[in-house]
Amino acid sequence: MVALNLIQLEQQIRDLPPDERHARWQVEARPVLETFQSWLDKSAAQGLPKSKMGQAVQYCLNQWPKLLGYLEDGRLEIDNNRAERDIRPFTTGRKSWLFSNTPRGARSSAILYSLVMTARANNVNPYHYLRAVLARLPNLGGNSSLDELLPWNIVLS
């Protein structure tokens with residue numbers, strides 16, 4: 001029930017600005033986590049440490065500071081589902097890159113994939129982004145920086 005409440009809260013506040021998310025977590029999530037920590041402490045004292053339950057409780061207690069970390073920054077989320085979803089195609093692609101004809105070809109594929117995923121992570125259409133980068137790259141002067149071609153800097157026409 002506790003996890004469901006925290007997940008429901010996360011879904012409700014996902015689109016709020018970071019400062020508002022932080023404030024809501026302090027009021028709504030922190031008490032839930034404090035109750036859960038009390039239960040963990042009691043369970044650790046009463047249970048058998050070598051049992052599966054005892055190991056699970058101890059693991060959770062060992063990770064407790066990391067779990068609380070998301071309460072301190074309104075830009076963070078309670079889970080890493082978005083990151084895992086974004087790297088899943090990369091791990092699948094990694095298997096394909098094993099069969100690239102050359103190491104240089106595999107490296108090029110990895111760079112291209114990295115550009116696409118970075119564009120997606122910054123809410124930039126990868127197709128439009130790559131078109132803009134490939135159009136501007138040949139005209140980039142020697143004093144120019146590649147930073148201006150990053151997804152959060154480039155202006156798509």
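For the single chain, residues carry numbers from 1 onward in sequence order.
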Closest non-hydrogen atom pair between [X] and [Y], with its separation:
| X | Y | result |
| --- | --- | --- |
| Pro126 | Ala119 | CA-CB, 4.1 Å |
| Asp147 | Asn153 | O-ND2, 2.7 Å |
| Leu149 | Leu137 | CD1-CD1, 3.6 Å |

Walk me through it: do Trp152 and Val124 pass the test side-chain contact (heavy atoms from CB on, under 4.5 Å)?
-> CA-CA 8 Å; Trp152 51 88; Val124 175; over 6 Å; no
Stepwise, does the side-chain contact (heavy atoms from CB on, under 4.5 Å) test hold for Glu148 with Arg136?
-> CA-CA 10 Å; Glu148 57 193 74; Arg136 294 175 193 170; over 6 Å; no
Hey, any chance [X] and [Y] share a hydrophobic cluster, counting ILVMFWY side chains that come within less than 4.5 Å of each other, even indirectly?
| X | Y | result |
| --- | --- | --- |
| Leu150 | Leu140 | no |
| Val27 | Val32 | no |
| Leu112 | Leu134 | no |
| Ile7 | Leu16 | yes |

Mind checking the CD-CZ spacing from Glu10 to Arg24? Nearest 0.5 Å is all I need.
-> 11.0 Å
About how many Å separate NE2 of His22 and CD of Gln26, when rounded to the nearest 0.5 Å?
-> 4.0 Å
Selection residues 117-127 - residue pairs positive for side chain to side chain donor-acceptor pair (under 3.5 Å), sequence neighbours left out = Tyr127-Arg131
Side chain to side chain donor-acceptor pair (under 3.5 Å) pairs touching residues 45-59, sequence neighbours excluded, are Gln58-Asn62
Within a radius of less than 6.0 Å around CZ of Arg104, do more than 12 heavy atoms belonging to other residues, nucleotides or ligands occur?
-> no
Mind running side-chain contact (heavy atoms from CB on, under 4.5 Å) on Leu9 and Asn5 for me, showing each step along the way?
-> CA-CA 6 Å; Leu9 175 61; Asn5 289 336; over 6 Å; no
With a 3.5 Å cut-off and sequence neighbours excluded, list the donor-acceptor pairs that the side chains of residues 68-78 form with protein atoms.
residue: Glu72; atom: OE2; partner: Arg30; partner atom: NH2; Å: 2.7
residue: Asp73; atom: OD1; partner: Arg75; partner atom: N; Å: 3.0
residue: Asp73; atom: OD1; partner: Arg75; partner atom: NE; Å: 3.0
residue: Asp73; atom: OD2; partner: Arg75; partner atom: NE; Å: 3.4
residue: Asp73; atom: OD2; partner: Arg75; partner atom: NH2; Å: 2.7
residue: Glu77; atom: OE2; partner: Arg82; partner atom: NH2; Å: 2.8

Determine, stepwise, if the pair Phe36 / Leu6 fulfils side-chain contact (heavy atoms from CB on, under 4.5 Å).
-> CA-CA 11 Å; Phe36 183 48; Leu6 292 176; over 6 Å; no
